[in-house]
Amino acid sequence: MGVELSPKANAIITVLQGCNSFKRLQKIHAHVIVNGLQHIPAIANQLLHFCAVSVSGCLLYAQLLFQHLHNPQTQAWNSLIRGFALSTSPLQAILYYNHMIFSSTSHPDTFTFSFTLKACERLKAQNKCQELHGSVIQRGYESDVVVRTNLIRSYAANGLIESATMVFDEMTERDLVSWNAMISCYSQAGLHHEALDMYTYMRNEGVEFDGFTLVGLLSSCAHVGALNIGIHLHQIACHKEFTRNVYVGNALIDMYAKCGNLEDALCVFNGMHKRDVFTWNSMIVGYGVHGLGDEAINFFKKMLVAGVQPNSITFLGLLCGCSHQGLLKMGVEYFNMMSSMFNIKHGIKHIGCMVDMYGRAGKLEKALEIIRSYPSENDPVLWRTLLGSCKIHRNVKIGEIAMQNLVQLEASSAGDFILLATTYASTKNAQGVAKMRKLIKSRGIKTIPGWSWIEVGDQIHRFIVEDKSHPDSRMIYQKLEEVMRRVILAGYIEENFDMSMPGSSTEGCLEASSRYHSEKLAIAFGLAITSEETVLRIVKNLRVCRDCHVFTKFVSKAFSRDIIVRDRVRFHHFKDGLCSCKDYW
DNA sequence: TTAGGGTTAG
């Protein structure tokens, strides 16, 4: 039973509910004090709620109001916890939650848990998240769909994907938001196949989806190069009229660009009614990774004319395009422009692009100078990039400097030793080669396993080097032998294994031949089971090795097939025996 | 008089 309020108190509550500025609230508060109404819970809670939650509120003021409450009820705690959970200091939300549990007679409810879990998600407070899960069960709130969704998000943000999955799987009642939370959790954790599998489960359970679902799924399609699934989702987006949604449009552009289809990315871009910085960036980055620097610059200019402010990712796309197209002068111009004109700080990735750009152009001293001018960014990736350039330009002296730094940072990998070994080899330095071989052996250093994906229909087939796990493995190897015979007849000369590129695919077995590298298996599979006019689209987690690059060029000619390979850094369009990277990658 | 959601880079 609520307490009967005086007409004066009721009037104040009505005014408070319509309050829209902090200044006005302070005036109302003064009026409340003058009339001695500050201890009426309904008024105190309303004041607190406004200060803690409203966009024009003030959390400090909310704390002061809270301190004056004699016995704050759950609703008051919730206001404060909610306010801090969404603020720049979410830790305060957790501290208030602790305070509530240990020194208050009020009990947390489903709202309290939702807000505190939000704070854990933002803070990456893993232990607290687990503790809250226990309390949720203890207090009998585990069947609440919103609390569970918050648990999924919080676990996922804390890297506990298995726990998030468990919470989802054990839900007796799921709604669209919980499905979407699980999809986005997988997508952001890099578990793209799991995210795409959720789509099948949703369909099987007859769950309708919305723009949020599409964005999560399209992001995963983009990461694994699942163009067919992406096209299917695009059709659904058109059918359900989600294409006016800027998030969906952006995700579609990104998906098409990452799947190697820039024409359709542009088509979506042109059809969008509203565009934001993500829209422009998706196009610019798309052109950048395809090695089309001048197109990226073109789009950047149009972006400025449209009045959209670029951000650090815009410049990443531009620099990537300049670097891959060899546009050194333009690259330097944009690198300088980002800080001088747009006040955007150079990040490690931008510096990496510059090191790569100068390195490729043979200006190794300048590349070294760039790394040294950013001592706080002493990152192995920069030294590795430089090492790669030293190999191309046969510069042992700077290569050794790069290697020393990698060793000092305890970040040297087998690929790095191989790079330096080949640099020694190219300068006929047998002693250096022997030294590197000895180091690789004695340190037992392992490489990153290489993977290649190919999408056929709505299925994604994954291969590793010498993979025999595919159900059609026998057929794939037979096809590869046939392909080999045809390309050798056309002039292809098989290499043993590539030692040329940084992070290139030695695929975890240094001594193996590159004949059964994952992309060769993916290509053989694609040739065997798709029609002659189908473009083969392959995605690889490492850089394409030189042998596979040559091989793919020959295949594109001998089989009259367009093959698009997306490797770790860029796209390669193989057609009629040539590659879009012009062998410069 | 209170809740849970999305994209680029990595």
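Cation-pi contact between A:Arg148 and A:Phe168: absent, since separation from the ring centre below 6.0 Å together with deviation from the ring axis within 45° is not met. Stacking of A:Lys302 on the aromatic ring of A:Phe299 is recorded, both the 6.0 Å distance cut-off and the 45° axial limit being met. Under a cutoff of 6.0 Å and an axis angle of 45°, A:Arg275 and A:Phe269 form a cation-pi pair.
Distance alone, capped at 3.5 Å, places no donor-acceptor pair between the A:Glu194 side chain and the A:Tyr186 backbone.
Side chains of A:Lys128 and A:Asn98: a donor on one and an acceptor on the other come within 3.5 Å. In the model, A:Trp383 has a side-chain atom that pairs as donor or acceptor with a side-chain atom of A:Asn378 under 3.5 Å. A:Thr213 and A:Asp210 are linked by a side-chain donor-acceptor pair at a separation below 3.5 angstrom, with hydrogens and angles left out of the test.
Within the nucleic acid shown, A:Gly317 has no heavy atom closer than 4.0 Å to any nucleic acid atom. Here A:Glu121 lies out of heavy-atom contact (under 4.0 Å) with every strand. Residue contacts shown for A:Arg153 are limited to sugar-phosphate atoms, with no base heavy atom under 4.0 Å away. Residue contacts for A:Phe113: at a heavy-atom cut-off of 4.0 Å it reaches no nucleic acid atom on any strand shown.
Applying a 4.0 Å cut-off to non-hydrogen atoms, the residues of residues 241-280 of chain A that approach DNA chain B are A:Asn245, A:Tyr247, A:Val248, A:Asn250, A:Asp254, A:Lys258, A:Phe278, listed by residue number. For the segment residues 334-356 of chain A, residues with any heavy atom less than 4.0 angstrom from an atom of DNA chain B are, sorted by number, A:Lys349. Of the residues in residues 140-147 of chain A, those lying under 4.0 Å from DNA chain B by heavy-atom distance are A:Asp144, A:Val145, A:Val146. Residues of residues 213-233 of chain A having a heavy atom closer than 4.0 Å to DNA chain B, listed by number: A:Val215, A:Ser219, A:His223.
Screening A:Thr110, A:Thr116, A:Asn150, A:Val147 for a side-chain contact (heavy atoms from CB on, under 4.5 Å) with A:Val136, the sole residue that qualifies is A:Val147.
Here the nucleotide nearest the side chain of A:Asn150, chosen from B:dT2, B:dG4, B:dT1, is B:dG4. Closest contact between the side chain of A:Phe212 and the listed nucleotides B:dA9, B:dG6, B:dT7 involves B:dG6. Between B:dT2, B:dT8, B:dG6, one nucleotide has an atom nearer to the side chain of A:Gln188 than all others, and that is B:dG6. Taking only side-chain atoms of A:Val177, from C-beta outward, the nucleotide of B:dG4, B:dT8, B:dT1 with the closest atom is B:dG4. Listed nucleotides B:dT1, B:dA9, B:dT7 differ in distance to A:Gln17; the shortest reach to its side chain belongs to B:dT1.
Distance, A:Leu319 CG to B:dA9 C1': 13 Å, rounded to whole Å. Here the P atom of nucleotide B:dG6 and the CD1 atom of A:Ile152 are 13 Å apart, to the nearest Å. Atom CZ of A:Phe168 and atom C1' of B:dG4 are 14 Å apart (whole Å). Between the CG atom of A:Asp379 and the C1' atom of B:dG10 there is a distance of 12 Å, given to the nearest Å. Counting to the nearest Å, the C1' atom of B:dT1 and the CD1 atom of A:Ile43 are 15 Å from each other. Rounded to whole Å, atom P of B:dG4 lies 20 Å from atom CE of A:Met182. When rounded to the nearest whole Å, the span between CD of A:Gln73 and C1' of B:dT2 equals 15 Å. Between the P atom of B:dT2 and the CG atom of A:Leu48 lies a distance of 15 Å, rounded to the nearest Å.
The side chain of A:Arg148 places no N or O atom within less than 4.0 Å of a non-bridging phosphate oxygen (OP1 or OP2) of B:dG4.
For the pair A:Arg360 and A:Asp356, the salt-bridge criterion is met [side-chain N within less than 4.0 Å of a carboxylate O].
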Decide side chain to side chain contact (heavy atoms under 4.5 Å, CB included) for A:Tyr199 and A:Phe209; before the verdict, give the C-alpha distance in whole Å, the side-chain angles of both, and the deciding distance to 0.1 Å.
CA-CA 9 Å; A:Tyr199 175 57; A:Phe209 41 81; 3.6 Å; yes
Could you please spell out the steps behind the salt bridge (charged side-chain N to carboxylate O under 4.0 Å, His left out) verdict for A:Lys240 and A:Glu208?
CA-CA 11 Å; A:Lys240 296 198 170 213; A:Glu208 280 295 314; 2.3 Å; yes
Test side chain to side chain contact (heavy atoms under 4.5 Å, CB included) on A:Cys51 and A:Leu25; report intermediate values, then the result.
CA-CA 8 Å; A:Cys51 294; A:Leu25 181 113; 3.3 Å; yes
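In terms of the side chain to side chain contact (heavy atoms under 4.5 Å, CB included) criterion, residue partners of A:Pro108 (sequence neighbours excluded) are, by chain and number, A:Tyr97, A:Met100, A:Ile101, A:Thr112, A:Phe113, A:Arg139.
Within the structure, side-chain hydrogen bond (donor to acceptor under 3.5 Å, both in side chains) contacts touching residues 281-294 of chain A (residues at least two apart or in different chains) are A:Asn281-A:Asn311, A:Asn281-A:Thr314, A:Asp294-A:Gln325.
Here CG of A:Asn78 is found 8.0 Å from CD of A:Gln75. Values are rounded to the nearest 0.5 Å.
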